[in-house]
Protein chains: 2
Amino acid sequence: MALDHAILVSLLEKPGSGYELARRFERSIGYFWTASHQQIYRVLKRMEGDGWIDVRDVPQQGRPDKKEYSVAAAGRDALSAWLGEPIEPESVRHDLAVKIRGAAFDDPAALIGEVQRHRQAHTDRLAHYLAGEARDFPGHATAGPLDAERELQHVVLRGGIAYERMMIAWLEDVLATLGRFQAGH
Amino acid sequence: MALDHAILVSLLEKPGSGYELARRFERSIGYFWTASHQQIYRVLKRMEGDGWIDVRDVPQQGRPDKKEYSVAAAGRDALSAWLGEPIEPESVRHDLAVKIRGAAFDDPAALIGEVQRHRQAHTDRLAHYLAGEARDFPGHATAGPLDAERELQHVVLRGGIAYERMMIAWLEDVLATLGRFQAGH
DNA sequence: GCTTGCTATGCAACGAAGTGCATAGCAGGA
DNA sequence: TCCTGCTATGCACTTCGTTGCATAGCAAGC
């Protein structure tokens, strides 16, 4: 159950409301951890009850009021404890790989369109990452003091970039393989 | 809900019992889709009830009897229908990325051991994949007719290999980044 | 005035998935 | 003989995630 911890990290990076967290989970954090707003509100409520986070009512003009959450001492401790625990298996779920192996028992060429869509999605996401990197991490070798938050965000982003590049290359490989089964061969 | 379809694909590749499927989910298939034996038995029971798969009691000597499942016509149709549906988001869950960003608010260097463990696990898995490739797909350019099942299994395996290589390279990057925060700097 | 759309929060129900536990046959060794 | 360990199957409980729905404030346009 790392959604708790993903939310804690996000709130440490910047306090915010459930709604704002939901937006973040569509963007930056969402690229390595997904969550719906219903899930987020539920977890926020539980963590508030457990004293992991504090709430502050923030009146706004021109829009409904919001509840701004920030991490309490107990929440920091919980995060710290979790960071110390080993995590293991990285349970993987690649629907597309199941489909590709399944296509052997159907029409392999029928998957081409689907794979192309995925390649496009990964190409788009890569472009998005690279734009974010250029915007948030310009001037690669900064002379200033080490900023852990920034450096660690950057290395995670580089992981996302490496992942997308790998996927695009692999999907090209898949397309070439599927192409060999097209009508006429 | 692709566990159904992952099981169907596995049973099409080779009929087997729940226990055998559970073993496969620890090996080949398990590298892109994980499932416990409890899950597998539950889904088998449901699919049997829906007429997607057939059962055959197989007495064995020296060990308990088993139920061998194979895919029925309705199961093939269900798989075929699923193959035709677009799938989308590939919801990602990278615990380690959460930990890395969280480490900014704790001791970044404390994560080094954990990241090394992960690097080792990915290195082992890569070696396992490469051994499997050498065993099951020797003589890369076979002159024979196109074997869809074999070719598609191979391209999925190549995806696994690419993934592990990418992860190992990224984890090296992470270690280098974490190292800059060690005591003394 | 009405509708659309964004911000903002939440409940209820269901299905998927994970954890723990139970049973049973049989082999092999202490 | 008892214990360990592998094959083989399964139930019960709980947690997590998804889907559908509901409410409410306010702005902007028709």
Side-chain angles (χ1 to χ4, degrees), chain A residues 1-7 11 15-27 29-30 32-50 53 55-69 82 85 87-95 98, chain B residues 1-7 11 15-27 29-30 32-50 53 55-69 82 85 87-95 98:
Chain A
M1 190 197 10
L3 176 55
D4 300 36
H5 307 106
I7 289 176
L11 288 179
S17 68
Y19 187 82
E20 282 161 0
L21 283 169
R23 306 307 302 272
R24 292 184 212 171
F25 274 85
E26 286 167 9
R27 302 178 52 260
I29 319 165
F32 55 88
W33 201 275
T34 57
S36 62
H37 78 269
Q38 290 93 334
Q39 254 179 294
I40 291 167
Y41 283 117
R42 196 195 297 163
V43 171
L44 283 174
K45 183 141 284 191
R46 193 185 68 234
M47 293 202 295
E48 190 198 335
D50 291 346
I53 52 179
V55 207
R56 194 169 65 92
D57 270 34
V58 178
Q60 300 186 112
Q61 60 244 78
R63 54 178 71 176
D65 299 352
K66 66 174 183 179
K67 298 183 186 174
E68 194 183 77
Y69 291 93
W82 177 69
E85 280 170 24
I87 47 173
E88 213 51 32
E90 269 204 66
S91 74
V92 185
R93 259 88 206 269
H94 285 298
D95 295 75
V98 177
Chain B
M1 189 197 11
L3 176 56
D4 300 36
H5 307 105
I7 289 177
L11 288 178
S17 68
Y19 187 82
E20 282 160 0
L21 283 169
R23 307 307 303 270
R24 292 184 211 171
F25 274 85
E26 285 167 10
R27 303 179 51 260
I29 320 166
F32 55 88
W33 200 275
T34 57
S36 63
H37 77 268
Q38 291 93 333
Q39 254 178 295
I40 290 166
Y41 283 118
R42 194 192 300 160
V43 170
L44 284 173
K45 183 139 285 193
R46 193 184 68 234
M47 293 202 295
E48 190 198 337
D50 292 347
I53 53 179
V55 206
R56 195 169 64 93
D57 269 34
V58 178
Q60 302 185 114
Q61 60 245 75
R63 55 178 72 177
D65 299 350
K66 66 174 181 177
K67 298 183 185 174
E68 193 183 78
Y69 292 93
W82 178 70
E85 279 170 24
I87 46 174
E88 213 51 32
E90 269 203 67
S91 74
V92 185
R93 258 87 206 269
H94 285 298
D95 296 74
V98 177

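Every chain is numbered from 1 and lettered A, B, ... according to where its sequence line falls, protein lines coming before strand lines.
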### Whole-Å gap separating P (C:dA17) and CG (B:Leu44)
14 Å
## Note on the structure
Ranking B:Val43 and B:His37 by the position along DNA chain C of their nearest nucleotide, the one closer to 5' is B:Val43
### Query
So, is A:Lys66 near the phosphate of D:dG25, with a side-chain N or O under 4.0 Å from OP1 or OP2?
no
### Summary
Which of D:dT9, D:dG17, D:dA24 is nearest the side chain of A:Leu3? It is D:dG17
### Task
Respond yes when some side-chain nitrogen or oxygen of A:Ser17 is under 4.0 Å from OP1 or OP2 of C:dT9, and no when none is.
yes
### Query
Hey, does A:Tyr19 have a side-chain heavy atom less than 4.5 Å from the side chain of A:Ile40?
no
### Query
Has A:Tyr19 got a side-chain N or O lying under 4.0 Å from the OP1 or OP2 atom of C:dT7?
yes
### Nucleotide nearest A:Gln38 when distance is taken to its side chain, options C:dC11, C:dA16, C:dT9
C:dC11
### Summary
Separation of C:dA22 atom C1' from B:Tyr41 atom OH, nearest Å, is 14 Å
### Task
Let me know the distance between OH of B:Tyr69 and P of D:dA8, rounded to the nearest Å.
13 Å
### Query
A:Arg23 side chain N/O closer than 4.0 Å to the phosphate oxygens (OP1, OP2) of C:dA8?
no
#### Entry: A:Glu26 CD - C:dA8 C1' separation (whole Å)
14 Å
### Query
To the nearest Å, how far apart are A:Lys67 NZ and D:dA24 P?
15 Å
### Query
Is any side-chain N of the basic residue among B:Arg23 and B:Glu26 closer than 4.0 Å to the acidic one's carboxylate O?
yes
### Task
Please report the shortest heavy-atom distance between A:Leu3 and A:Ala35, naming the atom on each side.
CD1-CB, 3.7 Å
### Query
Just to confirm, is there a sub-4.0 Å distance from OP1 or OP2 of D:dA8 to any side-chain nitrogen or oxygen of B:Gln60?
yes
### Task
Let me know the distance between CG of B:Asp4 and C1' of C:dA17, rounded to the nearest Å.
13 Å
### Whole-Å gap separating P (D:dC16) and CZ (A:Arg93)
15 Å
### Task
Could you tell me whether A:Lys66 and A:Glu20 make a salt bridge, using a distance below 4.0 angstrom between a side-chain N and a carboxylate O?
yes
### Message
For a quick check of understanding: with a heavy-atom distance under 4.0 Å over all strands, which category does A:Gln39 fall into, base, sugar-phosphate or nothing?
### Response
base
### Query
Given that A:Thr34 and B:Glu68 both sit by DNA chain D, which one's nearest nucleotide is further toward the 5' end?
B:Glu68
### Query
Can you tell me if the side-chain N/O atoms of B:Arg63 get under 4.0 Å from OP1 or OP2 in C:dC26?
no
### Side-chain heavy atoms of B:Asp4 within contact of B:Arg46, under 4.5 Å
yes
### Query
To the nearest Å, how far apart are B:Arg42 CZ and D:dA12 P?
12 Å
